[in-house]
Amino acid sequence: MSEKNVRTRFAPSPTGFMHVGNLRTALYEYLIAKSLGGTFVLRIEDTDQERLVQGAVDIIYNTLEQVGLKHDEGPDVGGEFGPYVQSERKDIYLPYAEQLVREGKAYYCFCTKERLDSLHAAKDDGEFSGGYDRHCRDLPKEEVERLLSVHTPYVIRQRMPIEGSTTFDDAVYGSITIENKELEDQVLIKSDGYPTYNFANVIDDHLMQITHVVRGCEYLTSTPKYNLLYEAFGWEIPTYVHLPLIMGKNEDGSVSKLSKRHGSTGFADLIKEGYLPETIVNYIALLGWCPKENRELFTLPELVKNFSIDGISKSPAVFDYDKLTWFNGEYIRSMPEEQFVADSMPYFKEVFPEQEKNWHVLASILQPRVTKFIQIPEMIAFLKNLPDYPADFFVNKKSKTNLENSAVMLEEAIGVLENTDDWSVENLHDRLMELAQKLEVKNGTLLWPVRIAAAGMQVTPGGAMEILAILGKEESLRRLHIGLDKLKA
RNA sequence: GGCCCGGUGGUCAAGCGGUUAAGACACCGCCCUUUCACGGCGGUUUCACGAGUUCGAAUCUCGUCCGGGUCACCA
């Protein structure tokens, strides 16, 4: 068996928005190619001139770069099958369509937009099923010549077989058969001269020697049209790999194709929300694919090593933000501390713009607790401004604290801390532990009131010592006195 | 509506004729502990339904139901 070089392609249209569904398709295309030692191609499908968006191609490049999906061929890096932008390939397609016309496998259609619209309207009333009514399919040759000669606007449509059925094989869904009568005489070349997506796709995939056509399974039912095109040209049919859809959960509990109403569904949105690129890649890799080995944390190279097409599932998967968040926490916790500090610095500075103090203490309390960096400002706001809080925050059953002994603890703590100058976490720890021992109370009885007074909150990131250390001596003492006043009031 | 594809806990899922039906997220409880988080331990919750085939079905077949996709000069 001859091993052909595996080639996959990511063929987005530049819409200015990278949906996670598209990203996941790109990921699988990359993984299929790379796990088989193949080539990953980027091709821009901009045949819809009405929908062109400025700067959209850059968004595609940036996204791929951020997640590490490096393409081997593409508009920016070149390759021997270029150009890789369909608008630059415009002249390639028409001759192929004309060849089909000559061979009787396609035909000119002069139907107006209005006629087509009324056709669709009739369809909705149930009078007619299946898009185009093949009005121009058998126009006399002379009539076609005449219309052409007076420059009547036209499209070229594929002449579909009316009887029989078409069967194709999909690497994940198996063998699928569709009756030819379900197939419409689809447009190949639009009246503006550009090819349709379906046509350009087939031509380019063949010309670029794509071996695996990977796409969402919304294309499943139109695949026979592709096959008929390949057959019409006598070209080899690629391996189809259709991917299960990514769904979103609606408020009423139902699910539908993931879209904006489900929250952030664009790569850029997720990044803005505080998800790491590697988190997103790892998570979406697992939406619709399962490794042989029972594990979930994978870097991109590890995914390449473990990926195989037979692990792709058929059923749609619901995008779960909870699990995404968990993954993000895992990635954050596994970072080296320097990286955590570097990455969280912008968020630290939102609260403490003027000074760079105690970053390492902040990092040590935050790294195990943070699941998204954007949570940081809110989590540490209390360090900047003491929240107002009621005295009964001091009461905690488990720590055996009440209003009376909390006041005593605070007074004792203030006494010790006033005479402490080494304000490191370690020293504060030692001094306070000594005090608890001396007072013969459990640590919690002393530390609960200290932490409440220092933070003004019952639940805090980090413990009393870390909070005091970050606050510094002066502010710490000030807050402890405020607490004491509350208890005495 | 026609056609196509799915259906294992709330979610992601393993499973390919014989298992006590993995694992993860979420949830609950316990432990650790100066709160929370992390970490550790344990728990609740599943084979859509009905017929077959078979000694034996989550696994095979058919039907039903449910869900999704698709029916453009959009990709």
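Chain identifiers are assigned alphabetically (A, B, ...) following the order of the sequence lines, protein sequences preceding nucleic acid strands; residue numbering begins at 1 within each chain. Only a predicted model underlies this, so the values are computations on that prediction, with no experimental measurement involved.
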Which label fits Y108(A) and Y154(A): parallel for a plane angle under 30°, tilted from 30 to 60°, or perpendicular past 60°? perpendicular
Please state the C1' separation for the pair U34(B) and U19(B) - nearest whole angstrom. 47 Å
Report the base-pairing partner of C66(B) (Watson-Crick or G-U wobble, both distances below 3.5 angstrom), or none. G6(B)
Partner lookup for C60(B), please. Criteria are Watson-Crick or G-U wobble with both distances under 3.5 angstrom; report none if nothing qualifies. G52(B)
Phosphate OP1/OP2 of C74(B): any T196(A) side-chain N/O under 4.0 Å: no
Determine: side-chain N/O of R157(A) to OP1/OP2 of C73(B), distance under 4.0 Å, yes or no. yes
Once you apply a heavy-atom cut-off of 4.0 Å, does V318(A) come out as touching a base, just sugar-phosphate, or nothing? sugar-phosphate
Any side-chain to backbone donor/acceptor pair from N396(A) onto S399(A)? Under 3.5 Å, distance only. yes
Measuring only the P atom in each nucleotide, how far is G9(B) from G63(B)? A whole number of Å is fine. 23 Å
Distance below 4.0 Å between K190(A) side-chain N/O and C74(B) OP1 or OP2: yes
Taking only the P atom of each, what is the distance from G2(B) to C12(B) in whole angstrom? 28 Å
Would you say the side-chain atoms of N198(A) and Y226(A) include a donor-acceptor pair closer than 3.5 Å? yes
Same-atom distance (C1') from G69(B) to C73(B), integer angstrom: 23 Å
Who passes salt bridge (Lys or Arg N to Asp or Glu O under 4.0 Å) against K225(A), sequence neighbours left out? none
Between A57(B) and C38(B), how far is it from one C1' atom to the other, in whole Å? 44 Å
Could you tell me whether V255(A) contacts a base, only the sugar-phosphate backbone, or nothing, with contacts defined as non-hydrogen atoms closer than 4.0 Å? sugar-phosphate
Heavy atoms only, 4.0 Å cut-off, all strands: where does T445(A) land among base, sugar-phosphate and nothing? nothing
Taking atom P in both C25(B) and A37(B), what distance in whole Å separates the two? 15 Å
Tell me the side chain to side chain donor-acceptor pair (under 3.5 Å) pairs involving residues 456-467 of chain A, sequence neighbours left out? R451(A)-T460(A)
Does I452(A) reach a base, just sugar-phosphate, or nothing at all? Heavy atoms under 4.0 Å. nothing
Could you tell me if K249(A) sits above the aromatic ring of F319(A), with its cationic atom closer than 6.0 Å to the ring centre and no more than 45 degrees from the axis? no
So, is the end of the K323(A) side chain (NZ or CZ) under 6.0 Å from the ring centre of Y283(A) and within 45° of the ring's axis? no
What contact category does T371(A) fall into here, base, sugar-phosphate, or nothing, at under 4.0 angstrom with non-hydrogen atoms? nothing
Side chains of T166(A) and N180(A): any donor to acceptor distance under 3.5 Å? yes
At under 4.0 Å between heavy atoms, what does F319(A) touch on the DNA or RNA strands: base, sugar-phosphate, or nothing? nothing
Could you tell me how far G40(B) sits from A26(B) if I compare only their P atoms? Round to whole Å. 13 Å
If you go through the side-chain atoms of K323(A), does one of them form a donor-acceptor pair with the base of A26(B) closer than 3.5 Å? no
Is there a Watson-Crick or G-U wobble partner for G1(B) with both distances under 3.5 Å, and if so, which one is it? C71(B)
Kindly indicate whether the side chain of Y132(A) and the base of A72(B) share any N or O donor-acceptor pair separated by less than 3.5 Å? no
Under 4.0 Å, heavy atoms only, any strand: does S222(A) hit a base, just the sugar-phosphate, or nothing? nothing
Classify every nucleotide of nucleotides 34-43 of chain B by which part a protein heavy atom approaches to under 4.0 Å, writing B for the base, S for the sugar-phosphate alone and - for neither, in 5'-to-3' order. BBBBSS----
Pairing partner of G17(B) (Watson-Crick or G-U wobble, both distances under 3.5 Å): none
When the C1' atoms of C41(B) and C5(B) are considered, how many whole Å apart are they? 43 Å
Re U35(B): Watson-Crick or G-U wobble partner, both distances kept under 3.5 Å, found to be none
Under 4.0 Å from OP1 or OP2 of U33(B): is there any side-chain N or O of K442(A) that close? no
Which part of the nucleic acid does S191(A) contact within heavy-atom distance under 4.0 Å: base, sugar-phosphate only, or nothing? base
When both hydrogen-bonding distances must be under 3.5 Å and the geometry is Watson-Crick or G-U wobble, what is A24(B) paired with, if anything? U11(B)
When the ring planes of Y240(A) and F168(A) are compared, do they come out parallel, tilted or perpendicular, using 30° and 60° as the limits? perpendicular
Please determine, for G29(B), whether a Watson-Crick or G-U wobble partner exists with both distances under 3.5 Å, and give it or none. C41(B)
